[in-house]
There are 2 protein chains.
Amino acid sequence: MDESEKSPVRAKRADAQRNEKALLDAAAAVFVSSGVDAPVREIAAQAGVGMGTIYRHFPMRADLIVAVYRHQVDACAEAGPGLLAESASPYEALGRWVDLFVDFLVTKHGLAVALGSNQASFATLHDYFIDRLVPVCKQMLEAAVVAGEIRRDVGAYELMRGIGNLCIFADKDSRYDARRLVGLLVSGLRV
Amino acid sequence: MDESEKSPVRAKRADAQRNEKALLDAAAAVFVSSGVDAPVREIAAQAGVGMGTIYRHFPMRADLIVAVYRHQVDACAEAGPGLLAESASPYEALGRWVDLFVDFLVTKHGLAVALGSNQASFATLHDYFIDRLVPVCKQMLEAAVVAGEIRRDVGAYELMRGIGNLCIFADKDSRYDARRLVGLLVSGLRV
DNA sequence: ATGAAAGTGGAGCATTGCTCCGAATCAAAT
DNA sequence: ATTTGATTCGGAGCAATGCTCCACTTTCAT
């Protein structure tokens, strides 16, 4: 996967590359302060570009969100096999992996909502999370089933959606602890 | 609590009463077809009144939502003690009561989101649900704890919020079954 | 019947998502 | 260095929506 030389198409213009970088940085900053549902204008202003430029580089809001969080999602996905290998049991590995995911989600204001929403503008985001994380989750789930630790009738997709949902608005209410409830949900998996 | 005769203040004008009724009916209909987050203009149009009239009767969106669903929430709250009395165990009663709540929530498009959101405009809604349902839930939870059926470290408020969250977007994705996941969450309560 | 109080309607402002196209910029060719 | 065609940019402008404000209308006690 070499990004630097694509023979068929001409490389992107220098200013376009600069702007894309600026946009990514700006979005990351704004997402932290105002959540992933911050106004497009705010991100554009922070990056010092016009709105047209945002839509040119990231046609849908989800494209920008994915670009900003891709690394962290990948890291979470890649942590799965390691946990499975080094944990005392598949169930324990699953629990630790889920904690990773929850910690990621609850610190990204508004991300869990966007994830659950089936709006067309968020399709890319939804799909990226699903494509990347569901297979890992599925693997851990199956290992735990084989080990006889959990029930076999819960799918990885459904579990991930449930965890995502439990993280919605978790940052807005001090009386609500998403980690604790996700823990409850996961212990509900036990045979 | 007699609504029909309030001595000190003059009774509401006849046209105002008519409009309030029309608004309630219109809102109920629109909530079914377009969800509780339907545009205010749509509800006004359906009721055949101006927008000013909506805001006069129901200053915040939550007021209208509460007015529409008050009966059903009350019914759910009142079903609690009966279930506790007639079920084989407190835990079973809790499970059945939670099913009632979930069935109510998943059929009201967008309600679960509004419930979880801590926006000021939804404060009344949030508070009404909490005031009405948390005490009932707490009672069942405590009974189940006393019976030694569930762990004692989960609060009623947190559980209700978790259930509400699991119902978010439940109507938008056929691969996701809120009832099943709530069931999982509740079985996670077991000691 | 009448006038004050209560209620109404919808124009209008603010916010936000998104499109569109003339202007600005870039890079290849000369 | 200049030209020139392609690429990219910027932000005005449109549409949707929440909410306010107040001149006008309706009701009702007198």
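Reminder, nothing fancy here: chain letters follow the sequence lines and each chain counts from 1. Side chains included, hydrogens not; waters and symmetry mates left out as well; all remaining heavy atoms used.
Across the protein-nucleic acid pair, A:Glu42 atom CD and C:dA14 atom P stand 19 Å apart, rounded to whole Å. When the P atom of C:dA27 is taken as reference, atom CG of A:Asp15 falls 7 Å away, rounded to whole Å. For the pair A:Asp37 CG and C:dT15 C1', the interatomic distance rounds to 14 Å; values are reported in whole Å.
Contacts between residues 112-129 of chain B and DNA chain C, defined by a heavy-atom separation below 4.0 Å, involve no residue at all. Contact check of residues 53-64 of chain B against DNA chain D (heavy atom, cut-off under 4.0 Å) returns B:Tyr55, B:Arg61.
Within 4.0 Å (heavy atoms only), A:Ala14 reaches sugar-phosphate atoms of the nucleic acid but no base atom.
Using a cutoff of 4.0 Å between basic side-chain nitrogens and carboxylate oxygens, A:Asp103 and A:Arg179 are scored as salt-bridged. Note on A:Glu86 versus A:Arg96: salt bridge recorded, some NZ/NE/NH1/NH2 to OD/OE distance being below 4.0 Å. Between A:Arg132 and A:Asp74 there is a salt bridge, since at least one side-chain N of the basic residue sits less than 4.0 Å from a carboxylate O of the acidic one.
Although no hydrogens or angles enter the test, the distance criterion places no donor-acceptor pair under 3.5 Å between the side chain of B:Asp131 and the main chain of B:Tyr128.
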Each nucleotide N or O in nucleotides 11-13 of chain C that has a protein N or O under 3.5 Å away: list the pair and distance.
residue	atom	partner	partner atom	Å
C:dG12	O6	B:Arg41	NH2	3.1

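Of the candidates B:Arg18, B:Lys12, B:Arg13, B:Arg13 is the only one forming a salt bridge (charged side-chain N to carboxylate O under 4.0 Å, His left out) with B:Asp15.
Residue B:Lys172 holds its NZ atom at 5.5 Å from OG of A:Ser117, rounded to the nearest 0.5 Å.
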Go through A:Thr124 and A:Asp63 one step at a time and tell me if the side-chain hydrogen bond (donor to acceptor under 3.5 Å, both in side chains) criterion holds. CA-CA 6 Å; A:Thr124 315; A:Asp63 299 324; 3.3 Å; yes
Should A:Tyr157 and B:Arg175 be marked as a side-chain hydrogen bond (donor to acceptor under 3.5 Å, both in side chains) after you check the CA-CA gap, both sets of side-chain angles, and the distance that decides it? CA-CA 8 Å; A:Tyr157 174 77; B:Arg175 290 175 296 173; 3.3 Å; yes
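Proximity of A:Tyr55 to A:Val40: side-chain heavy atoms (C-beta onward) are separated by under 4.5 Å at one or more points.
Partners of A:Ser34 under the side-chain hydrogen bond (donor to acceptor under 3.5 Å, both in side chains) rule, at least two apart in sequence or in another chain, are A:Glu42. Evaluation of the side chain to side chain contact (heavy atoms under 4.5 Å, CB included) rule for B:Ala156 yields B:Val134, B:Cys137, B:Lys138, B:Leu141 as partners, not counting sequence neighbours.
A cation-pi arrangement is present between B:Arg190 and B:Tyr91 under the rule of less than 6.0 angstrom and at most 45 degrees off the ring axis.
In this pair, A:Phe129 and A:Phe101 present their aromatic rings tilted. The plane angle is within the 30 to 60° band.
Two residues, B:Arg18 and B:Val40, neighbour DNA chain D, and the one matched to the more 5' nucleotide by heavy-atom proximity is B:Val40.
Heavy-atom contacts of chain A under 4.0 Å fall on DNA chain D between two terminal nucleotides, which in 5' to 3' order are D:dA6 to D:dG13.
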